[in-house]
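Here's the structure we're looking at; comments come further down.
Just so we're on the same page: letters track the sequence lines, and every chain starts at 1.
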Number of protein chains: 2
Amino acid sequence: MSGGTGTADKRGATIYDVARMAGVSHQTVSRYLAGKGGLRPRNRERVEAALKELNYRRSHIARSLATSRTYRLAALGYELSGTGPGKMMQGASEVARAAGYSLDIISLDPVSDSELSDALDLLGNRDIEGVLATAPTEALDRALKGLTTDAPVVVVRDADLPERPYADGVDPLGVHALVQHLTTLGHRRIAHLGGPPAWVAARQRIDAYEHAMHAAGLEPLPVVATGDWSAQSGYAAAPEVLAPGGITAVVAANDRMALGLMLWLHEQGIAIPRDVSVVGYDDVPEAAFFHPPLTTVHLDFQAIGAAAMRSLITMIEQPDVDARPRFPSPELVLRASSGPPPQ
Amino acid sequence: MSGGTGTADKRGATIYDVARMAGVSHQTVSRYLAGKGGLRPRNRERVEAALKELNYRRSHIARSLATSRTYRLAALGYELSGTGPGKMMQGASEVARAAGYSLDIISLDPVSDSELSDALDLLGNRDIEGVLATAPTEALDRALKGLTTDAPVVVVRDADLPERPYADGVDPLGVHALVQHLTTLGHRRIAHLGGPPAWVAARQRIDAYEHAMHAAGLEPLPVVATGDWSAQSGYAAAPEVLAPGGITAVVAANDRMALGLMLWLHEQGIAIPRDVSVVGYDDVPEAAFFHPPLTTVHLDFQAIGAAAMRSLITMIEQPDVDARPRFPSPELVLRASSGPPPQ
DNA sequence: GGCGATTTCGTTACCGGTCACGTTCTACCA
DNA sequence: TGGTAGAACGTGACCGGTAACGAAATCGCC
């Protein structure tokens, strides 16, 4: 009413405005905002009143300039609209926000490489405190290594493979469990429908398939890896996968490719799992409702993203602490798409 | 070699450092960086050399403080890991980055409302220049309206419905086309498996279904809307949807619910589309590979997100221009899940 | 060579906070 | 009542850029 200071002064009120109105110095206001106490009740009240009256909001920009902390992180990866990467980002994003950081998510398009370099020098930007990169291709992996920033970088692969991945029966990817499940059912000729070879994840799964077959005393079949993770590519690659003949089970590199493969089988009149068993990888929420419901390996993407982000934040806030992320293990999920081979 | 300034001075070089090394004033460096020209070749060279030598990177923070432009936007929505919202964000994100903005993506959890208020006052933050919100529930819609910020806000609904949505044969949602497709095939008892009623999108689709039925001279059946967009919920709701009896076609509120519904039908020995036709909505990439491939309505989510973002940026940069987004129209996609009703 | 008009450049202030330090006030005790 | 420790508060500088303005250098032309 009185005074005539409009409520919405353009450009917002500063601590100096607040200080003037409260009859104190800007430093006192700053102290109040820092919440450290040490204000006399009278001044505290006046500051609070002025703050409210002017609808003060702090300027993170100015604060950042003074403290050289920005609380900004960046995350990048391919195909962030997919279930896996998407959930990962969601997990990461929640952790970041809870810790007071904001997250710039940069979704790369596999097609255009120019975008990659753009995005990368965006990261070279010195007001980003840390970088999280997910499920990279090797091109991205290399690019990240060449990153000229001293901000910490966390790269999430499908699993942090130990030095000797398959020693001691350790199966970090869960592919062994999948293959073992099939061999236990009696399958011998088990094919692998691989993911795009440029992806580290796809290569890891191919390796794991071959290793698991050898471990079971079986000869791995030539891996068909012409796909791009999509259902379309699974459908297209299906004939080639089945070409060797006598195949009774197929391990697809992910659930979506398995879906495409299954449609092709249906169209050929090949029954699942009576004639051919199909298993996937990822356990997307829809996999339980495929026809038939898909046996697959469950990955808790959200937890993976969250763990990676926790690790990144620890690297920033406590550089001396060892903060390697601990990712949850993949778990085999048995459903109706796998069964004993035909006689 | 000479001089002894280490290449990696902590905290980075400033334009003052560069200016000193180049023997010019900081303002000259600033001018060079602004790219406006007007430097003598000699000075230009010296500045360039110093820039490179010191590995200078500009501080966006300081620039923001001086210009009061932050080039930061925020986007928020539910279930960003889903195909639709995910692609939308991807489209928005690309446009934003191309225009020089960075995008904070905030993924809300439908469960916890506390998160919403947290996120919201994060937006009240005055260094965010604009807000994009997608596919909101009405709770979010209300919350956004109460937002105390003078930054522009763009809210994306499924379609920007005109004043009188169904006049003049206009069908902004594509649901009419879907229903008409079914009636043309001869269906009369067409049910709707609705989305979660709290979602504006779900309500719009329910309305459109009922209106389309009336337009075809048919009585809409009671809508079952107990789902949550998931395949699981489609599966669970299936018996109730089919309960009225004699139903020969079902319009699901989205593809995932259609997937769950179809699994239930398979389990009951009901053939699709021989006994019952099923159609979805969204056209997720996998829909073409369901069994059978799903008739649905295609939405170009990426284009929608991009259009919304362009609109937001226009609102920021040219406040006087009318920048209402123009979204692409949904398109009917015919596949094998719909066919004539049984005799 | 001298003059004015343009370019080119430097000086100073400012954005909105925090930090370091010095001053004032209060409270307690001799 | 005076002295003093410690809390409360204010002053000035600084973070790293940009904006505004005036000074200096350059150019063209007579």
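With no hydrogens or angles considered, a side-chain donor-acceptor pair links B/S102 and A/R72 at under 3.5 Å.
Distance, A/R40 CZ to D/dG6 C1': 13 Å, rounded to whole Å. Atom CZ of B/R63 and atom C1' of D/dC15 are 17 Å apart (whole Å). Distance B/L65 CG to D/dC14 C1': 12 Å, rounded to the nearest Å. Remark: C1' of D/dG16 and NE2 of B/H60 are 12 Å apart, rounded to the nearest angstrom. If you take CG of B/L39 and C1' of D/dT26, they are 15 Å apart, rounded to a whole angstrom. Regarding A/N43, its CG atom lies at a distance of 8 Å from the C1' atom of D/dA8, rounded to whole Å.
Where B/G38 and A/I15 meet DNA chain C, the nucleotide closest to each residue was compared, and B/G38 sits on the side nearer the 5' end. Comparing A/T67 and B/A66 by the nucleotide of DNA chain D that holds the closest heavy atom to each, the one mapping nearer the 5' end is A/T67.
Remark: A/H26, A/Q27, A/S30 in residues 25-35 of chain A come within less than 4.0 Å of DNA chain C through at least one heavy atom.
Shortest non-hydrogen contact noted between B/R69 and B/I316 is NH2-CG2, 3.9 Å. Across every non-hydrogen atom of B/V29 and B/L51, the tightest pair is CG1-CD1, 4.5 Å.
With contacts defined as side-chain heavy-atom distances shorter than 4.5 Å, the pair B/M88/B/L299 does not qualify. Residues B/L33 and B/Y56 are in side-chain contact: their nearest non-hydrogen atoms beyond the backbone lie under 4.5 Å apart.
Here chain A contacts DNA chain C (any atom closer than 4.0 Å to a heavy atom, that is under 4.0 Å), and the contacts span C/dC15 to C/dT26 from 5' to 3'.
Tested against A/Y32 for a side chain to side chain donor-acceptor pair (under 3.5 Å), the candidates A/E48, A/R46, A/R44 yield a single pass: A/E48.
The closest donor-acceptor contact from the side chain of A/E129 to the backbone of A/L73 lies at 3.5 Å or more, if one exists at all.
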Counting only pairs under 3.5 Å, give me each side-chain donor-acceptor contact of residues 301-311 of chain A, with atom names and distances, residues two or more places apart or in other chains.
| residue | atom | partner | partner atom | Å |
| --- | --- | --- | --- | --- |
| A/Q302 | NE2 | A/E94 | OE1 | 3.4 |
| A/S311 | OG | A/A323 | O | 2.6 |

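In this structure, A/Y78 and A/W199 have tilted ring planes: the angle between them lies in the 30° to 60° band.
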